[in-house]
Amino acid sequence: MRYHDPMVTAPRDEEELHHRATALAGSTLGAVAGRCGLAVPTDLRRSKGWAGRVMETALGADGGSRAVHDFAHLGVELKTLPLQGPTEPRETTYVCTADLTSLGESWEASWVGRKLARVLWVPVEGDPAIPPGERRVGTPWLWSPTAEQTATLRSDWEAFRERLTLEGAAGLTAHAGTWLQVRPKAAHGRARTAAFDAEGRRITVNPRGFYLRTAFTRALLAEAFGE
DNA sequence: TGCTGATCATGG
DNA sequence: CCATGATCAGCA
């Protein structure tokens, strides 16, 4: 094995993926990281995506940082869900970048819609008082949106698209959306990406991404584990 | 530069 | 107190 080869091969199907994830439940992130040869940071200030990278590596995700699903051949997205307490999401959940020049033809065809079509949720302790390496992995579950969830997500997305068309990129504020929202997503405030203004002129703005509100992931947790 | 992984930190 | 807006790291 060359040093840059993944230590864990990609799971061949959803069952294997789910089985692997379930086997990690109860472990600390430090223990999982150790088995993958990943260093454990003292805090997350300069390692914000660490928990997600640990789980990706441990489960054999093959998507890397490309714009494809984490488990490309399965069409499954992996999301760690930091919890404060047993069932409370600590943060909104980033889904993907928003193309501000065109959200897409339809919810189903959109990148955000396809990412959310199938997700392996992995709860992880997210209490900042717990050092990253001591945080425990929870019970994972595979999820696809119900018809009702899809209807609301689609409606949020269509409202974003409408705003983008009528008002340009400035019309997309983080206040809109029941379960989805559009927020800045960039390395820093000077980052620029292509967009349009209300008159349809080409402009450049701070990049945005789609996020799931905590109200939504809280509902998913209740659905998966009961209240 | 843009996409992935997210959490940080301040204003309302 | 918590959502919005800002930011951090790695890779292509």
Side-chain angles (χ1 to χ4, degrees), chain A residues 3-6 10 29 32-33 36-72 76-85 88-102 104 110-112 114-116 119-133 135 137 156 160 169-195 202-218:
Chain A
Y3 76 94
H4 56 272
D5 282 336
L29 284 176
V32 177
C36 300
L38 295 176
V40 181
T42 322
D43 64 71
L44 297 182
R45 273 182 302 180
R46 295 192 173 271
S47 308
K48 294 186 179 183
W50 182 73
R53 280 195 303 276
V54 168
M55 296 310 298
E56 281 187 333
T57 307
L59 295 173
D62 52 6
S65 64
R66 295 170 299 145
V68 297
H69 291 92
D70 293 307
F71 301 96
V76 174
E77 187 67 15
L78 171 67
K79 288 291 169 202
T80 58
L81 194 51
L83 302 186
Q84 178 98 54
E88 192 62 15
R90 193 180 134 66
E91 297 281 354
T92 53
T93 301
Y94 170 70
V95 182
C96 63
T97 298
D99 180 348
L100 300 178
T101 64
S102 171
S110 70
W111 184 229
V112 57
R114 286 184 293 140
K115 283 240 182 177
L116 291 178
V119 178
L120 176 68
W121 293 101
V122 181
V124 173
E125 284 182 320
D127 185 334
I130 307 175
R135 298 184 188 181
V137 179
D156 282 348
F160 297 148
L172 289 183
T173 77
H175 300 274
T178 302
W179 284 339
L180 271 177
Q181 67 177 168
V182 176
R183 299 219 310 274
K185 171 64 174 179
H188 49 73
R190 283 78 66 199
R192 301 281 96 177
T193 194
R202 294 183 172 285
I203 57 170
T204 191
V205 298
N206 192 227
R208 324 286 180 82
F210 289 104
Y211 294 78
L212 291 171
R213 295 182 181 277
T214 53
F216 185 63
T217 48
R218 186 181 302 122

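These values consider heavy atoms only, across backbone and side chains, with no hydrogens, waters or symmetry-generated copies.
Within the structure, a side-chain polar atom (N or O) of Arg90(A) is placed less than 4.0 Å from OP1 or OP2 of dC8(B). Note on Thr80(A): a side-chain N or O is less than 4.0 Å away from OP1 or OP2 of dA6(B). In this structure, Lys185(A) does not reach the dG5(C) phosphate: none of its side-chain N or O atoms is under 4.0 Å from OP1 or OP2. A close approach under 4.0 Å does occur between a side-chain nitrogen or oxygen of Tyr94(A) and OP1 or OP2 of dT4(B). Contact annotation: Ser47(A) does not reach the phosphate of dA9(C) (side-chain N/O to OP1 or OP2, under 4.0 Å). In this model, the phosphate group of dG10(C) is not approached by any side-chain N or O of Lys48(A) to a distance below 4.0 Å at OP1 or OP2. Regarding contacts with the backbone of dC8(B), every side-chain N or O of Trp50(A) stays at 4.0 angstrom or more from both OP1 and OP2. The phosphate of dA9(C) (OP1 or OP2) has a side-chain N or O of Arg46(A) nearer than 4.0 angstrom. Of the side-chain N and O atoms in Thr97(A), one or more sit less than 4.0 angstrom from OP1 or OP2 of dC3(B).
Between Phe210(A) and Ala98(A), the shortest heavy-atom contact is CE1-CB, 3.6 Å. Residue Leu100(A) comes nearest to Leu172(A) through the heavy atom pair CD2-CD1, 3.7 Å, listed as atom of the first residue, atom of the second, then distance. For Ala51(A) against Leu29(A), the heavy-atom pair with the smallest separation is CB-CD1, 3.9 Å. Counting all heavy atoms, side chain and backbone alike, Pro128(A) lies closest to Gln84(A) at CD-OE1, 3.7 Å.
Listed candidates were dG5(B), dT7(C), dG2(B). Nearest to the side chain of Glu56(A) is dG5(B). Among dT4(C), dT7(C), dT4(B), the nucleotide with an atom closest to any side-chain atom of Arg213(A) is dT4(C).
Following rounding to the nearest Å, Arg135(A) (CZ) and dG5(B) (P) show an atom-to-atom distance of 19 Å. What separates CG of Leu78(A) from P of dG5(B) is a distance of 8 Å, to the nearest Å. In this entry the distance linking CG of Leu44(A) with C1' of dC8(B) reads 10 Å, nearest Å. dT7(B) atom C1' lies 14 Å from atom CG of Asp127(A), rounded to whole Å. Computed from coordinates, the His69(A) NE2 to dT4(B) P distance equals 11 Å when rounded to whole Å. The nearest whole Å value for the distance from the CG atom in Leu83(A) to the P atom in dT7(B) is 10 Å. Per the geometry, CG belonging to Asp62(A) stands 19 Å off P belonging to dC3(B), to the nearest Å. The distance between atom CD of Glu88(A) and atom P of dC2(C), rounded to the nearest whole Å, is 8 Å.
The residue Arg183(A) sits close to a base: some heavy atom pair falls under 4.0 Å. Using a 4.0 Å heavy-atom criterion, one finds that Ala51(A) contacts no nucleic acid atom at all. Across all strands shown, Glu77(A) has heavy atoms under 4.0 Å from sugar-phosphate atoms exclusively, and none from any base. Backbone-only contact: Pro82(A) has heavy atoms under 4.0 Å from sugar-phosphate atoms and none from a base. Contact annotation for Thr92(A): base contact, defined as any heavy-atom pair under 4.0 Å involving a base atom. Within the nucleic acid shown, Gly49(A) comes within 4.0 Å of at least one base atom, counting heavy atoms only.
In terms of modelled atom types and a separation under 3.5 Å, the side chain of Asn206(A) and the main chain of Pro184(A) share no donor-acceptor contact. No donor-acceptor pair closer than 3.5 Å links the side chain of Arg46(A) to the backbone N or O of Pro41(A).
Checked by atom type, the side-chain pair Ser47(A)/Arg53(A) shows no donor-acceptor distance below 3.5 Å. For the residue pair Tyr94(A)/Thr97(A), the side-chain donor-acceptor check at 3.5 Å is satisfied.
Scanning residues 172-182 of chain A for heavy-atom distances under 4.0 Å to DNA chain B yields an empty list.
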Write down the protein N/O and nucleotide N/O pairs, taken from nucleotides 10-12 of chain B, whose separation is under 3.5 Å; answer none if there are no such pairs.
none

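Two residues, Thr214(A) and Arg45(A), neighbour DNA chain C, and the one matched to the more 5' nucleotide by heavy-atom proximity is Thr214(A).
In this structure, NZ in Lys79(A) is found 8.0 Å from CG in Leu116(A), a value given to the nearest 0.5 Å.
Applying the side-chain contact (heavy atoms from CB on, under 4.5 Å) rule to Leu38(A) yields the partners Ala33(A), Cys36(A), Val54(A), Thr57(A); only residues at least two apart in sequence or on another chain are considered.
A salt bridge between Glu88(A) and Arg90(A) is absent, with no side-chain N of the basic residue lying under 4.0 Å from a carboxylate O of the acidic one.
Interface remark: the Tyr211(A) side chain does form a donor-acceptor pair with the dA6(B) base, using a distance-only criterion of under 3.5 Å.
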